[in-house]
Amino acid sequence: MSLVVFPFKEEDPEVLLKNVEIALAHPRVDEVLCVGASEDRCFAETSAAAPELARKHGKSVAVILQERIGELRPGKGDGMNTALKYLLEKTEHRRIHFYDADIVSFSQEWITKAEEAADEGYQVVRHYFPRSSTDAMITWMITRTGFALLWPRTALPWIEQPLGGELLLTREAAERLFSDPRVRRQSDWGIDTLYTFSMVAHGLSIFEIYMDVGKLHKLYGALTDLKTMLIECFAALKGLKGEDVPEGTRHRIEYPGPVRQEMKEKVGYDFERTLHLLRENWSDRQETLLELFPRKVREGMLAAREYPRFSFMDEEAWAETYLVLLEHFDSGDPDWVELLFKLWIARVLQYTTAEALRGYDHALHYLHRMVARYVHRALVGVNP
Ligand code: GDX
Ligand code: MG
């Protein structure tokens with residue numbers, strides 16, 4: 001039987017409690033665990049409502065605060081790792097599910113599909129779902145790009161949503177992840193990268209299941225809101241760059257379904273507000289750091305201080321930029337943080353205007369091919 005976990009921080013308690021009820025009503029679920037970042041309003045309301053929900057369903061509902069397990073900013077990583085620790089030390093459940101607390105399209109189907117895939121013997125089940133062509137820009141430009149450039153022979157570049165927070169682990173998989181010190185230290189947004197990395201590094205079998213309904217949840221405006229996530233996800237990848245990953249993971253991906261028109265037309269971020277970000281927070285030191293980058297990138301970025309420029313940041317320029325960042329980026333240095341952010345903004349804007357504008361089908365095809373070309377580049381080298 002299974003444990004369902006919702007990590008949460010400042011969420012709408014109504015959404016979280018509805019999701020808790022959905023999970024409790026599922027026949028495969030024995031217990032629900034909500035792991036809060038702090039004693040915020042959501043924590044108070046969820047704790048107050050838990051005993052009644054538990055009674056109603058005849059199952060356990062625990063609401064706990066996350067422990068300090070890692071070494072970086074205390075964030076979602078401490079929350080998820082606290083749940084692994086709880087599973088292993090306090091319970092006998094055979095499986096653990098994670099779902100973001102803010103999903104408004106959550107249903108029993110999320111749990112059922114994961115359980116059925118695990119019944120086939122997979123140690124990890126990951127949910128994936130349609131996303132708009134301008135959404136998931138950290139996933140595509142940071143994580144999948146990095147996985148392709150660093151571990152081209154492994155399953156890593158081919159994981160559809162390597163930052164997805166919806167997944168199932170068998171108890172055995174949870175043990176493997178939690179015993180990995182690289183996973184435990186990652187207390188911040190880098191946790192999703194570390195879980196994905198670690199499951200492939202440990203050779204666990206993975207089934208990616210497709211959720212038609214998609215994940216409707218809280219949305220961001222300008223890309224600034226994603227800044228911390230971007231930095232922490234890149235830093236996590238950079239920290240892993242020398243690590244060995246075996247090639248032979250069993251990895252199956254459920255074939256996706258047709259994508260609704262609404263999703264195809266959705267715009268993932270506010271273009272105009274994002275354009276401004278290219279001109280913000282420059283310093284002399286950042287200009288000096290640009291000397292480490294290829295000329296095209298350096299000149300393009302310097303010009304972008306005056307007037308929005310980004311067309312120079314094409315796929316190849318981004319690969320070259322990425323390799324420089326892997327070498328030199330320092331997440332403790334505010335100038336590096338600002339520079340990475342603006343370089344990524346330039347890449348996202350270039351992709352948006354050169355590819356996403358040509359329509360959803362073109363854009364998604366482009367992104368998948370881009371990853372394949374990065375894998376090829378890492379294995380075979382750059383074409384002359
Ligand atoms: N316990 C705990 N502690 N929970 C947290 C914390 C924290 O410090 N920070 C966030 N959460 C919860 C949050 O309440 C939600 O349930 C979940 O973690 C995800 O956070 P949200 O703000 O909804 O992030 P978003 O942008 O929806 O990100 C998700 O998708 C990203 C992606 O796929 O790109 C999330 O799973 C990210 O980890 C992932 O990178
Ligand atoms: Mg969310």
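Given the structure is predicted, the values throughout are model-derived calculations rather than measurements. Side chains are part of it too, since the values below use all heavy atoms of this structure and drop only hydrogens, waters and symmetry mates.
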Would you say [atom1] of [X] has more than 12 non-hydrogen atoms from neighbouring residues, nucleotides or ligands within 6.0 angstrom?
X: Lys90; atom1: NZ; answer: no
X: Arg153; atom1: CZ; answer: no
X: Asp119; atom1: CG; answer: yes
X: Gln108; atom1: CD; answer: yes

Examine distances only and state if a side-chain atom of [X] and a backbone atom of [Y] form a donor-acceptor pair shorter than 3.5 Å.
X: Ser205; Y: Gln123; result: yes
X: Tyr351; Y: Met141; result: no
X: His202; Y: Leu204; result: no
X: Arg305; Y: Leu302; result: yes
X: Thr154; Y: Trp151; result: yes
X: Asn19; Y: Ile103; result: yes

*Parallel under 30°, tilted from 30 to 60°, perpendicular over 60°: which one fits the rings of Trp110 and Phe129?*
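Rings of Trp110 and Phe129: tilted, as their planes differ by 30° to 60°.
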*Hey, can you tell me if His97 and Tyr99 have their rings parallel, tilted or perpendicular (30° and 60° cut-offs)?*
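Ring orientation, 0 to 90° scale: tilted.
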*Can the ring centroids of Tyr210 and Tyr255 be said to lie less than 6.0 angstrom from one another?*
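They do not qualify: ring centres at least 6.0 Å apart.
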*Compute the ring centroids of Tyr322 and Phe293, then answer whether they are less than 6.0 Å apart.*
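So the answer is no for these two rings.
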*Under the criterion salt bridge (Lys or Arg N to Asp or Glu O under 4.0 Å), which of Arg176, Arg182, Arg184 is the partner of Asp180?*
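By the salt bridge (Lys or Arg N to Asp or Glu O under 4.0 Å) criterion, Asp180 pairs with just one of Arg176, Arg182, Arg184: Arg182.
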*Other than Tyr307, which residues form its hydrophobic cluster under the rule that side-chain heavy atoms must be closer than 4.5 Å?*
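Members alongside Tyr307: none; it stands by itself.
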*Does Lys342 make a cation-pi contact with Trp282 (under 6.0 Å, within 45 degrees of the axis)?*
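Because its charged atom sits under 6.0 Å from the ring centre and within 45° of the axis, Lys342 does stack over Trp282.
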*Decide whether a cation-pi geometry holds between Arg347 and Phe310; the criteria are a distance under 6.0 Å from NZ or CZ to the six-membered ring centre and an angle within 45° of the ring axis.*
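No; the conditions do not both hold, so Arg347 does not lie above the ring face of Phe310.
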_Residues in salt bridge (Lys or Arg N to Asp or Glu O under 4.0 Å) contact with Asp40, at least two apart in sequence or another chain_ =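 Counting only residues at least two positions away or on another chain, Asp40 forms no salt bridge (Lys or Arg N to Asp or Glu O under 4.0 Å).
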Is it true that [X] and [Y] have a side-chain N and a carboxylate O under 4.0 angstrom from each other?
X: Asp30; Y: Lys59; answer: no
X: Arg260; Y: Asp212; answer: no
X: Glu160; Y: Arg131; answer: no

*asked:* Within this structure, what is the CD1-NZ distance for the pair Ile345 and Lys227, rounded to the nearest 0.5 Å?
replied: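 One finds 9.0 Å between CD1 of Ile345 and NZ of Lys227.
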*Nearest 0.5 Å please: distance from the CG atom of Leu226 over to the CZ atom of Phe341.*
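Interatomic distance, Leu226 CG to Phe341 CZ, rounded to 0.5 Å: 8.0 Å.
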*Ser187 pairs by side-chain hydrogen bond (donor to acceptor under 3.5 Å, both in side chains) with which of Arg68, Lys76, Gln66, Glu232?*
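Only one option passes, and that is Arg68.
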*Give the minimum heavy-atom separation between Ala378 and Ala148, together with the two atoms involved.*
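Heavy atoms of Ala378 and Ala148 come nearest at CB-O, 3.6 Å.
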